[in-house]
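Indexing begins at 1, ligand by ligand and atom by atom, following the structure's order. What you see is a predicted model, and the numbers here were worked out from it, not measured in a lab. Values reported hereafter were calculated over all heavy atoms of this structure, with side chains retained and with hydrogens, waters and symmetry mates removed.
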Amino acid sequence: MRYSFLGPRGTFTQQALNRICSEEDSIHIPALDSPRAIKMVRAGQADFAVVPIENSVEGGINATLDTLAADSDLLIYGEVLVDIAFTLAVRPGTTLEDITHICTHQAAWTQCRNWLGVHLPDVVHLPATSTAAGAAGLASDGEPGYQATLVSALAADQYGLEALREGVADNPDAVTRFVLIGRAGQLPPRTSSDKTTLMVQLPSDEAGALLNMLEQFKAHGVNLSRIESRPIGDSLGRYAFSIDAEGHLMDERIQSVLIGLHRVCPKVTFLGSYPSAAGRRIHPRPGTSDDDFLGARAWVDSLVERSH
Ligand SMILES: O=C(O)C(=O)Cc1ccccc1
């Protein structure tokens, strides 16, 4: 199998991919950014893509959410959680006093802002397409215009850099969620701990439209683990919601939610049902198990039958 990922080699994304399958058993294809990794799947150049979708510090990653939602020909097949801590990596011999510019991914910069404010208050950020891209620049010959990067400990080692400081992170519990994306096909079988990802558009000119949408989840006992608004992009004030709901498409309560959303929202895009990485078992609220829904449907059917 061919897996595209946010490259180059040594990104946190490749760490997530390694947890799905190693480079010995599969082909890892680095892409310049997440949208390009996803597009390689659409174009048939890769079977799956692994990209970051959410981090615990800043929330959803827009480039991934928007590329994924642009078409319903792709689905999420799985997720991986990676604990994130950074190494301040330099060319051997560089000291903290030598550092005026750091080149790294925006998410790394954001997650180390307080630490940098204390230890390198005047340092300037040069944005990179990924953490490892910053490391690759330092490892190459020539003058990259920066003296340090913030990368994983593994990448610092892989690129032959010196670890000036390790375990750099404002929040020691920071986690990033990565998703495995493939062309639409058979869903992973349901477990007792699944997630369903949706993109839902709201009608723009209706009082209570957001409440109507959320009501569908409440009425059917479905908990949400993430909800984020994304501008649709065609005019100001038009929004879609990117949502992770607890449950699988094969759960009766999720199907009922989808029926409800389809009735009250102009566009609903299904982006996959897959096992949750946290693995917490979902306990349906009373009255929302499969048996409850099937029993209720059988009762209504019997009333209809009797009235013929
Ligand atoms: O740049 C990387 O290594 C990535 O995989 C993206 C990223 C950057 C910072 C924290 C988590 C993921």
Side-chain angles (χ1 to χ4, degrees), residues 3-23 28-41 46 48-68 76 78-90 102-116 123 125-140 144 146 148-161 163 165-181 226 228 277:
Y3 293 83
S4 56
F5 68 99
L6 166 61
R9 281 168 210 297
T11 55
F12 288 103
T13 309
Q14 194 174 23
Q15 279 185 29
L17 170 53
N18 279 327
R19 300 244 299 268
I20 296 167
C21 73
S22 74
E23 248 184 310
H28 292 190
I29 311 168
L32 192 65
D33 55 25
S34 299
R36 277 178 245 219
I38 297 171
K39 282 173 193 158
M40 288 180 80
V41 177
F48 292 97
V50 175
V51 290
I53 193 166
E54 177 186 12
N55 75 57
S56 58
V57 178
E58 284 179 291
I61 295 164
N62 296 338
T64 299
L65 293 173
D66 295 347
T67 311
L68 193 53
I76 301 174
E79 64 172 10
V80 175
L81 301 178
V82 176
D83 294 332
I84 304 289
F86 300 95
T87 292
L88 182 69
V90 294
I102 293 181
C103 178
T104 191
H105 191 269
Q106 177 63 37
W109 184 258
T110 314
Q111 292 181 38
C112 299
R113 199 175 270 143
N114 295 342
W115 188 93
L116 292 164
V123 77
H125 177 213
L126 300 176
T129 49
S130 69
T131 56
L138 270 189
S140 65
Y146 56 94
T149 180
L150 287 160
V151 288
S152 72
L154 220 63
D157 187 52
Q158 215 170 316
Y159 284 94
L161 301 175
R165 294 285 186 284
E166 282 176 296
V168 176
D170 293 346
N171 185 335
D173 299 321
V175 171
T176 294
R177 185 162 78 95
F178 297 85
V179 285
L180 175 69
I181 295 169
R226 184 183 60 84
E228 253 151 332

K.L.:
So does Cys103 get a backbone contact from the side chain of Thr149, meaning a donor-acceptor N/O pair under 3.5 Å?
P.N.:
yes

K.L.:
Any nitrogen or oxygen of Phe12, main chain or side chain, under 3.5 Å from a nitrogen or oxygen of ligand 1?
P.N.:
yes

K.L.:
Numbering the atoms of ligand 1 from 1, which are under 4.0 Å from a heavy atom of Thr13?
P.N.:
4 (C), 5 (O)

K.L.:
Using the six-membered ring wherever Trp is involved, compare the ring planes of His125 and Trp109 and label them parallel, tilted or perpendicular (cut-offs 30° and 60°).
P.N.:
parallel

K.L.:
Closest non-hydrogen protein atom to atom 3 (O) of ligand 1, residue and atom name please, with distance?
P.N.:
Thr131 OG1, 2.5 Å

K.L.:
Specify whether Tyr3 and His28 have parallel, tilted or perpendicular ring planes, treating 30° as the upper limit for parallel and 60° as the lower limit for perpendicular.
P.N.:
perpendicular

K.L.:
If you take all heavy atoms of Leu6 and Leu32, which pair is closest and at what distance?
P.N.:
CD1-O, 3.7 Å

K.L.:
Please list, in number order, the atoms of ligand 1 under 4.0 Å from a heavy atom of Ser130.
P.N.:
1 (O)

K.L.:
Do the side chain of Thr11 and the main chain of Ala132 share a donor and acceptor less than 3.5 angstrom apart?
P.N.:
no

K.L.:
Heavy-atom distances under 4.0 Å decide this one: backbone, side chain, both or neither, for Leu6 against ligand 1?
P.N.:
side chain

K.L.:
How close does the nearest protein non-hydrogen atom get to atom 9 (C) of ligand 1, and which residue and atom is it?
P.N.:
Ala107 CB, 3.7 Å

K.L.:
Any idea which protein heavy atom is nearest atom 8 (C) of ligand 1, and the distance to it?
P.N.:
His105 ND1, 3.6 Å

K.L.:
Side chains of Ile53 and Glu79, heavy atoms from C-beta outward: is any pair under 4.5 Å?
P.N.:
no

K.L.:
At under 4.0 Å between heavy atoms, is it the side chain or the backbone of Thr176 that contacts ligand 1, or both, or neither?
P.N.:
side chain

